[in-house]
Structure formats: structure tokens, C-alpha cells
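Reading through the C-alpha cells given below for one structure.
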Amino acid sequence: MKSSWKLVTYLIVVSMATIMLAACGSSGTSSSSGVSVGIVLPTRDEPRWVQDEQRFKDALADSEYTTEILFSQGSSANEKENVETLLNRGIDVLIIAPHDGAAAGSSVEAAKAEGVTVIAYDRLITETDAIDYYVTFDSVAVGEAQGQYLIENAQGTNVPLYLYAGASSDNNAFLFFEGAWNVLQPKIADGTFVIANSSEATALQDSPELTREEMGRILGQITTNWDPNEAINKAQTHLTAAGADLKGDIAILAPNDGTARAIADVFSTDSEVTSYFVTGQDAEQASIQYIIDGKQSMTVFKDVRTLVEDAMGMAIDVLDGNTPETTGSYNNGKVDVQAKQTDVIVVDEDNVKQELIDSEYYEASEFTGL
Ligand code: GAL
């Protein structure tokens, strides 16, 4: 008994010494203006990424590690400059959610050339081998959850289905659409739904599995580019073109919360639309209010606290000379990238309080009518 306690004490002392050394190492390895972990996020214009910034700040409040967060404002050129700025600050690890997954290749190649470890955050960087790790949610499951929600709420047959998607420059947009198609396609084939706004999707409606090129053709018609204004314009155009048979009680696949609110606002003002179910994603505060108010049907909650924890955990492992733990891999068109993946949670009016308030993600005082 005694000797095992001695061993435990010894192990505690050794691991504390390792942590202290690692902490010294991280600031020591940085240059005088020293930043050990650089974080690049795509845009402040979408609340989703402002959430991530806040969660990084919360997670790092008591940390020894020096970090800097820069936003690329929807521009690959800004993103490249941001990466260069961080390389000049002497970073050892780069955590990056790219604006454009393919265009980011040259930035991460520059980082790799300087011996920096690259962690793709939420969005995969494609067609390059200059990427070490990927932290992500299960994006195919996001799309499946959205599609499944529409299926569970569809009444009768020939329910008009309006499809919308994210930006083609974002690998996730394909994964979300793939997931939605996995579950919706059989229900289009059996006549539950009728596609209302995409001739490319209609042409492919008997194909249970789509190639990336086929999905690209559909996305070319229904993309919002993640931009609520583009979503509004497309929704208005679709409703103007739709006859009475494509109105009434309808289903809308909206890829995320920003576009869901925009599209819902358009559909709710059409007098021939009697009811709609619309999906979302990200649990943005404004969409939680929309769900409470019955204006958005659901959202897919991606707990950003977990993603931040995973990304920083990996970064700290790298700084400490350890190999980060991964749970699988994603092929980025060039290599299999080791990845850590997190599950998602479907939220609608029935569980909104439990999942988002009781879990302390938001405070009840941030909403009305809860
Ligand atoms: C995706 C991300 C979503 C959503 C969208 C628009 O890549 O996974 O959570 O925010 O971009 O920015």
C-alpha cells in the first residue's frame, strides 16, 4: 500500500514538473512578441464565428499559452495576410477555419514550410498535404438531422420541398447536403416530397448517392453562399416562379441559422404559403429566439465549447511534444487527415430550454417568452 502511494506521489510530482516545463517551453519558444497558437476565423459577419471567438477567449482566460485570434472577413487574401502576420509572431501551431477550403492551401503550405503544426477548425482545407489535424462536428449527421426533421413533420404526399445549401467553396456545404440527401432522397422518390426549386436536383432525384460533381451542380442552383441576403434573393425568386401547387404547407431545407431566418422571413410573407417547416444549424442566439417564437422550426446545436476544447487540447499536446488523440480521418482530396469529431444535437421548441439554457450555453435572460 505504502509503496503504491509513493509511486502515485512520484507520478504527480513528475507530471506537475512536465506541465511547468511545457508551459515555460511554450512561451520560451515564441519570439519576443511571442504568440504560440495563432487562430484564424472566417468572418465576424456571421454570429456563428463570433461565438467561436468568445468560446476561445473563455477557454483561454486562465491559460499560460499566448494566442491571437484574427478574422479574414470572407476573403482568402485577408486570410493569407493573417497567416503571414501570425507566422511573423512566431506561432508554433495554427488553428484555422478557412474562408475557402481550397484557396487556403497556399497559406497552410507557407505555415508548414516554417515548421508550424496546422489544425483545420470546423472546415476542412482541401487538396493539400500541409495539414496535420482536423477538429470538426459530424457534418453529414448535421444534414441528416435536418432532412429527418422535415420528414418527421411532413403531412401527406407531394409536399413542396425547397432546397438551399451553403457555399461551394466550403467543404462542409457538401457534407451537409450529402447528409440531407441521404434521408430525403427516398422520401422524394416515394412521393412524400416534390422538389420545388432545383431542376438539377429533380433530374437526380432517383439517385440515392450523388457524386461530388453532381452535388456541385445542385449547389450551383441553390447555394446561399452562406449569405442571408443571397438567401433572401433566391427565396423571393423561387416563390415568384412557384405556382399554387408548390405552395400551401411546405418544407424548407435551410443549411444554417443565418440563412434559415432570412428564408423564413420571405416565406412567412407569402399569403399562399399556409405553413412551413424550416431547418437551421448553429444554435445562434437570434435563431433560438425564432424557435421560441415559432418562426424557425429547428436548429442543429454544435457545442462550440467542445470544438474549442478539442482544438486547444490538440495545440497544447503539440506544444508539449505529445501526439494528439484522434478518432478517425477525413480525405481532403490529397491525404487522409487525422480528425477528432464531435456529435451534434437537434434542438426545437420542445428541448430548447434543456439543451441551451440548462447546459449554460446561453442565459435565460437573453430570450423572451422562454
Ligand atoms: C460552415 C459551418 C457552419 C456555418 C457555416 C456558415 O462551415 O460548419 O456552422 O456557420 O459554415 O459560416
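In listed order, ligands and their atoms are each counted from 1. Just so we're clear, the structure is a prediction, and the values are computed from it rather than from any experiment.
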Listed partners of Asp343 passing salt bridge (Lys or Arg N to Asp or Glu O under 4.0 Å), at least two apart
none
On the 0 to 90° scale, with breaks at 30° and 60°, tag the His238-Tyr164 ring pair as parallel, tilted or perpendicular.
tilted
Contacts table for ligand 1: protein N or O within a distance under 3.5 Å of ligand N or O, distances only.
from	atom 1	to	atom 2	distance (Å)
ligand 1	7 (O)	Arg123	NE	2.8
ligand 1	7 (O)	Asp170	OD2	2.6
ligand 1	7 (O)	Asn172	ND2	3.0
ligand 1	8 (O)	Asp122	OD2	2.6
ligand 1	8 (O)	Asn172	ND2	3.0
ligand 1	8 (O)	Lys302	NZ	2.9
ligand 1	9 (O)	Arg48	NH1	2.8
ligand 1	9 (O)	Asp282	OD1	2.6
ligand 1	9 (O)	Asp282	OD2	3.4
ligand 1	9 (O)	Lys302	NZ	3.0
ligand 1	10 (O)	Asp282	OD2	3.0
ligand 1	11 (O)	Arg123	NH2	2.9
ligand 1	11 (O)	Asp170	OD2	3.4
ligand 1	12 (O)	Glu46	OE1	2.3
ligand 1	12 (O)	Trp49	NE1	2.9
ligand 1	12 (O)	Arg123	NH2	3.0

Before accepting this row, confirm whether a basic side-chain N of the pair Lys234/Glu230 lies closer than 4.0 Å to the acidic partner's carboxylate O.
yes
Set out, in order, the CA-CA distance, both residues' side-chain angles and the distance that settles ring-ring contact (aromatic ring centres under 6.0 Å, His included) for Tyr276 and Phe267, then state yes or no.
CA-CA 8 Å; Tyr276 63 86; Phe267 276 79; 7.1 Å; no
Please list all pairs meeting salt bridge (Lys or Arg N to Asp or Glu O under 4.0 Å) that have one or both residues in residues 186-199, counting only residues at least two apart or in different chains.
Lys187-Asp190
Side-chain donor-acceptor contacts of residues 255-263 below 3.5 Å, not counting sequence neighbours, with atom names and distances?
from	atom 1	to	atom 2	distance (Å)
Asn256	OD1	Thr259	N	3.2
Asn256	OD1	Thr259	OG1	2.8
Asp257	OD1	Gln281	N	2.8
Asp257	OD1	Gln296	NE2	2.9
Asp257	OD1	Thr299	OG1	2.9
Asp257	OD2	Ala283	N	2.9
Asp257	OD2	Glu284	N	2.8
Asp257	OD2	Thr299	OG1	3.1
Thr259	OG1	Asn256	N	3.4
Thr259	OG1	Asn256	O	3.0
Arg261	NH1	Glu284	OE1	3.0
Arg261	NH1	Ser287	OG	2.9
Arg261	NH2	Glu284	OE1	3.2

